[in-house]
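Taking it in order: structure first as structure tokens, then the write-up.
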There are 2 protein chains.
Amino acid sequence: MDKSILKKVNLFSDLNDDELEKIYSHSTIKKFNKGEMIFFETEPYNGFYIVIEGSVKIFKISKDGREHVIHFIFPTNTFAEAPLFEQYDKIIREEFTYPANSMALEDDTKLILIRSDVFYGILEKNKNISLKMLSGLSKKLRHLNNHIDSISQGVSKGLAIYLLKELEKSGNKDKNIIELQISKHDLASYIGTIDETLSRCLKKFQENKVISVKGKTIHILQKSVLEKTVKL
Amino acid sequence: MDKSILKKVNLFSDLNDDELEKIYSHSTIKKFNKGEMIFFETEPYNGFYIVIEGSVKIFKISKDGREHVIHFIFPTNTFAEAPLFEQYDKIIREEFTYPANSMALEDDTKLILIRSDVFYGILEKNKNISLKMLSGLSKKLRHLNNHIDSISQGVSKGLAIYLLKELEKSGNKDKNIIELQISKHDLASYIGTIDETLSRCLKKFQENKVISVKGKTIHILQKSVLEKTVKL
DNA sequence: CGTAACCTTGATTAAGATCAATTCTCGTGG
DNA sequence: CCACGAGAATTGATCTTAATCAAGGTTACG
């Protein structure tokens with residue numbers, strides 16, 4: 001793996017080459033194929049991950065096997081870093097578990113595992129990493145706030161919110177085209193519904209000429225209607 | 001107000017008397033009556049709050065006026081601290097908004113407002129405040145993860161989860177009695193439903209002798225049934 | 001007491017989940 | 001290059017849950 005990827009990780013942007021080297025030499029690269037579990041929420045916590053290539057979903061599973069996706073994670077972003085700061089002593093003794101499940105969404109998904117003890121070592125000498133961590137956690141909190149809000153307001157609304165946010169993120173804002181980064185199944189789970197209902201909802205939007213869907217490519221034909229849907 | 005309350009705030013537990021004094025002298029005590037808004041999510045962010053007395057709810061409002069409670073906050077806990085770490089420059093210029101709305105739930109709710117600039121001053125000299133902050137945010141993240149999971153699984157389940165968690169928190173674990181800290185309206189909103197549905201759900205549990213409800217007092221008669229409900 | 005806020009109840013409606021088939025898509029091997 | 005098959009996506013019919021609408025009851029407190 002190219003070591004320089006570490007420099008692109010926002011968390012580590014203030015570190016010098018020695019420190020990066022230290023992280024690099026103490027961490028493990030892990031590869032996963034599509035559908036492979038990275039960790040279960042029942043499993044002892046031993047560190048957090050950085051996505052290098054591919055993508056990952058973080059989700060909960062209810063006892064009946066239904067899954068609820070909480071986050072999607074893409075390259076240079078971290079996940080499962082929050083537990084580091086709860087119950088230090090338990091973490092060290094590996095008596096703490098991961099807060100949710102995670103699965104690779106693509107073949108050849110590459111991750112770096114940063115073990116807790118390695119990270120604590122780095123943190124001690126670089127107090128301002130904690131500021132970056134705070135910033136990262138804050139963003140996740142804000143995201144979850146919004147997510148809670150959106151899933152509790154119906155499928156159409158949740159879908160409209162998702163589409164508009166994706167459009168926002170994609171460079172093609174003018175072209176009004178978005179390319180889904182995830183499967184429709186995962187999208188359904190993310191907006192709090194099931195495959196069939198998502199399918200029907202997409203169909204409804206298409207019938208009203210709001211969007212047009214071809215595989216993972218979605219044209220936004222009437223952004224204004226989506227915006228109106230969001231505002232109910 | 002008794003200054004010593006600041007010592008009970010976990011965030012400040014490492015500070016010396018000078019620093020506490022500094023915070024105290026630079027912060028504002030605010031009082032609210034039940035139902036009064038503390039801030040709106042449209043409002044410029046100028047600092048975070050500590051609950052001294054009373055209680056507070058954090059919630060989102062959809063355009064049709066429906067509210068969704070995200071958190072309840074009780075004495076010695078902080079709220080709205082996450083934005084401090086997003087976009088420092090914007091915060092300073094007060095170009096950032098609060099992430100949600102907040103309202104006092106009781107008469108004579110007393111809060112301390114810690115202004116952003118005051119806090120940045122303290123933070124600079126006390127790097128390990130940031131570790132406490134991280135710990136606080138991590139807990140909130142974990143809480144939201146669980147909350148998302150529970151609200152997307154039906155009212156009975158959400159209610160069962162809430163009741164069990166309250167039982168866990170209350171000292172009376174053996175007596176199997178819980179005293180609701182919040183109104184039924186807020187509880188309904190918190191578990192993602194409306195008053196009528198919550199009422200019916202409570203009734204259903206009572207008919208099955210799982211609980212008995214008298215005002216805000218709830219006896220848990222068959223904890224095992226609640227646990228089974230959670231596991232579906 | 002009286003009134004307002006809070007809570008409960010019943011009847012109805014709407015949204016979405018479930019179940020059961022198909023159809024579509026795409027990678028693989030013949 | 002085509003045929004096959006598995007996984008993904010769609011469709012229809014039905015069922016369940018919870019939201020809505022509209023009254024009533026209760027409770028707390030001045």
Side-chain angles (χ1 to χ4, degrees), chain A residues 33-36 57 62-69 103-108 150-160 162 179-207 211-218 229 232, chain B residues 33-36 57 62-69 103-108 150-160 162 179-207 211-218 229 232:
Chain A
N33 284 324
K34 191 198 239 183
E36 283 185 320
K57 69 177 172 187
S62 53
K63 288 288 144 60
D64 57 343
R66 183 94 65 80
E67 67 171 49
H68 297 275
V69 176
M103 181 189 280
L105 295 178
E106 297 168 47
D107 280 343
D108 298 315
S150 75
I151 60 176
S152 54
Q153 307 205 21
V155 175
S156 308
K157 201 159 172 174
L159 178 56
Y162 183 83
E179 193 69 23
L180 286 186
Q181 304 293 315
I182 55 176
S183 74
K184 293 205 179 130
H185 168 76
D186 286 330
L187 175 54
S189 166
Y190 183 66
I191 63 179
T193 187
I194 59 176
D195 299 14
E196 296 95 317
T197 303
L198 170 61
S199 182
R200 281 182 246 269
C201 192
L202 284 168
K203 192 184 172 193
K204 200 182 65 191
F205 277 147
Q206 283 188 92
E207 283 168 357
I211 62 176
S212 93
V213 183
K214 183 79 190 281
K216 285 199 185 308
T217 308
I218 299 181
T229 304
L232 186 82
Chain B
N33 282 321
K34 190 197 240 184
E36 284 185 319
K57 68 178 173 187
S62 54
K63 286 289 145 60
D64 56 344
R66 184 90 67 81
E67 66 170 49
H68 297 277
V69 174
M103 181 188 280
L105 294 178
E106 297 168 46
D107 281 343
D108 299 313
S150 75
I151 59 176
S152 55
Q153 307 206 23
V155 176
S156 308
K157 201 159 172 172
L159 178 56
Y162 183 83
E179 193 69 23
L180 287 186
Q181 305 293 316
I182 54 176
S183 75
K184 294 204 177 131
H185 169 75
D186 287 328
L187 174 54
S189 166
Y190 183 67
I191 64 180
T193 187
I194 58 176
D195 301 11
E196 296 94 317
T197 302
L198 170 60
S199 182
R200 280 184 247 269
C201 194
L202 284 169
K203 192 185 171 190
K204 200 183 64 194
F205 277 147
Q206 283 189 91
E207 283 168 357
I211 61 174
S212 93
V213 183
K214 182 83 190 279
K216 287 199 185 306
T217 308
I218 299 181
T229 304
L232 186 82

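Each chain gets a letter, A, B and so on, in the order its sequence line appears, and its residues count up from 1. Note: hydrogens, waters and symmetry copies are ignored here, and every other heavy atom, side chains too, is used.
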Atom-to-atom span, CD1 of Ile218(B) to P of dC7(C) - whole angstrom: 11 Å
Distance in angstrom units between Leu159(A) CG and dA15(C) C1', rounded: 15 Å
N or O in side chain of Lys203(A) less than 4.0 angstrom from dA9(D) OP1/OP2: no
Nearest-Å distance for atom pair CD1/C1', residues Ile191(A) and dG16(C): 12 Å
Atom NZ of Lys34(A): over 12 foreign heavy atoms under 6.0 Å: no
Contacts of type ring pair (Phe, Tyr, Trp, His ring centres under 6.0 Å), residue Phe205(B), not counting sequence neighbours: none
Value in whole Å for how far the P atom of dC7(C) lies from CG of Asp186(B): 9 Å
Separation of dA15(C) P from Leu198(A) CG (nearest whole Å): 17 Å
Side chains of Leu202(B) and Lys184(B) in contact at under 4.5 Å (non-hydrogen atoms): yes
For Asp186(A), salt bridge (charged side-chain N to carboxylate O under 4.0 Å, His left out) partners two or more places apart: Lys57(A)
Interatomic distance, Ile151(A) CD1 vs dA15(C) P [rounded to whole Å]: 19 Å
Sugar-phosphate or base contact per nucleotide [nucleotides 13-30 of chain D; S, B, -; heavy atom under 4.0 Å]: B----SSBB---------
Nucleotide dA5(C), atom P - distance to CG of Asn33(B) in whole Å: 14 Å
Asp107(A) CG to dG7(D) P, straight-line distance once rounded to whole Å: 14 Å
Straight-line distance of Thr217(A) OG1 to Ile211(A) CD1, nearest 0.5 Å: 12.0 Å
Distance test, side-chain N/O of Lys216(A) to OP1/OP2 of dC26(C), below 4.0 Å: no
Rounded distance [0.5 Å steps], CG in Leu180(A) versus OH in Tyr162(A): 6.0 Å
